[in-house]
Structure formats: structure tokens, C-alpha cells
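Contents: one structure, followed by commentary.
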Amino acid sequence: MNAPEAFLQCRCGDCRITLCDPAVRYHVECLCSDCRQRGLISASKSPHNALPVEVANFARGIDVVYFANALIVDKSSQELLAFSKLTAGGIVTTATSTCCGTLMCFSHPLYEGTTISVSTDSCHVTTSSSLPLQAVVYVSDIPDEYAQTIIRCSAVPVISSVNEEPESPVIKALVRAVTTPISTHVRAAATTNFEKMCASKPLMFAFDRAHDYP
Ligand SMILES: [Zn+2]
Ligand SMILES: [Zn+2]
């Protein structure tokens, strides 16, 4: 059997998550305030984790790709993972590497356990698969002057909010992609998934704050 070729790696290289399915399921840029907040929390842990300048300046969103939630993670990497939400009422769960504060991957109830999302602005992604950017989402979360520029210049659809535009073709495609069942052979290759790893650790909360977004 060939060695797995797709993996996520933290910035210092100590934490690695093998992706049993290398295929990118969807690709967006997310402008939501929670993605930004998670990026800022990561940045506070290491000078190497600063938000890219274009993200900091609202010139683009956080780059997010989605993969099947079928993983191989060895014991030492599992020990480095910490699981958190921004608040106790938060929806998104984040897996962070405690070695260097890299945002390794995320889970959202919308994914129904079949998908993880990954911020390529934080985590190093190695895969032979690629998918062009499909959409920019949550433009409603950024100051209007920057939002107007993105709406005017973007080559892909710009969505104000995923919740407010469920009938938009790109959001329908996003939901279809992130709820695609994991194939039998990929599932058989996996030794764990996001939820299994999360269940083995305490869940932490970054803030006492009211809401969260995909
Ligand atoms: Zn690390
Ligand atoms: Zn977001």
C-alpha cells in the first residue's frame, strides 16, 4: 500500500494529521468575525502566527479548505492537540496544536461529522488535490468600505452570510460538499476523526461571548 500523501502540519512541524482522503471538498475565503478572532488568538501565541497582512487589512478573508473527516493521527500528535470553542455557546470546535498555536482544523455541526475545515493561513496543507476558490463568505461581517471593494473586485460569488443566503447556488454546493458521505475505503483507512479525538480531551472556551459562525 502506498504511504498516505496528504496531511496537515503545524507551523513548527511537531503535530501532523494525515488525511485519508486527499481531495479538497470545497474552498472558500471566510470574512466572518469568528475566523478572524481564531486567527488573532493563534497570533497571540507566537509571533510566527500573525494574520497575513491582506487578511488583517480586510483585503481578503481567511482561506478555508474542506476535507473528509477520516484521519490518522499518531499518539504524540494527538497529545499536542487541544480542543476549544470561542464561547460556551459557540458552534465551531477548533483543534489547535499546543506546541506552536497553529489552528489545525475545525468542526461545525453543519458537516454532520463527515468533514473538517482547515485554515491554510494557519496550518500547512500538503495534498495533490486542489480546487479553485469557489466563494467569499460573510462579507457582512467586515466594515462596509472594505466589503464594497471585495464585492466589486471578486472573481467568485460573494455571500453576505451563509445563514441568510441558503438558496444561493454556492452555499447549496458548499453544504452538499461538506455533507458528502465518506467512502467506505477511506473510512477503512482512517484510525480516528475529529470528534473521536475531541471526545478524549477537555473542551476549553476562549471567551465568555454570545455567538459563533461557521
Ligand atoms: Zn507545532
Ligand atoms: Zn469564518
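Numbers here simply count residues along the sequence, with the first being 1. Every number for a ligand or one of its atoms is a count from 1 in the order of the listing.
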Quiz item: Do V118 and V64 have side chains that get closer than 4.5 Å, going by heavy atoms?
Solution: no
Self-check item: Heavy-atom side-chain proximity of H124 to L8 below 4.5 angstrom
Solution: no
Quiz item: K201: what forms a side-chain contact (heavy atoms from CB on, under 4.5 Å) with it, not counting sequence neighbours?
Solution: F83
Quiz item: At the Zn ion (ligand 2), what is the angle formed between atom SG of C30 and atom SG of C35, rounded to the nearest 10°?
Solution: 120°
Practice problem: Return the set of protein N, O or S atoms whose distance to the Zn ion (ligand 1) is under 2.8 Å, each given as residue and atom. | Solution: C10 SG, C12 SG, C99 SG, C100 SG
Practice problem: Check whether any side-chain heavy atom of T93 sits under 4.5 Å from a side-chain heavy atom of L203, and report yes or no. | Solution: yes
Going by atom type alone, with no hydrogens or angles, which donor-acceptor pairs under 3.5 Å involve a side-chain atom of residues 67-77 and a protein atom two or more places apart or on another chain?
from	atom 1	to	atom 2	distance (Å)
N69	OD1	F194	N	2.8
N69	ND2	G113	O	3.0
N69	ND2	E195	OE1	2.7
D74	OD1	S76	N	3.4
D74	OD1	S76	OG	3.1
D74	OD1	S77	N	2.9
D74	OD1	S77	OG	3.3
K75	NZ	E79	OE2	3.2
S77	OG	R16	N	3.0
S77	OG	R16	O	3.4

Side-chain donor-acceptor distances from residues 47-58 under 3.5 Å, at least two apart:
from	atom 1	to	atom 2	distance (Å)
N49	OD1	R11	NH1	3.2
N49	ND2	S42	O	3.1
N49	ND2	S42	OG	3.3
N49	ND2	C100	O	2.8
N49	ND2	G101	O	3.4
E54	OE1	R60	NE	3.2
E54	OE1	R60	NH2	3.3
N57	ND2	V53	O	3.3

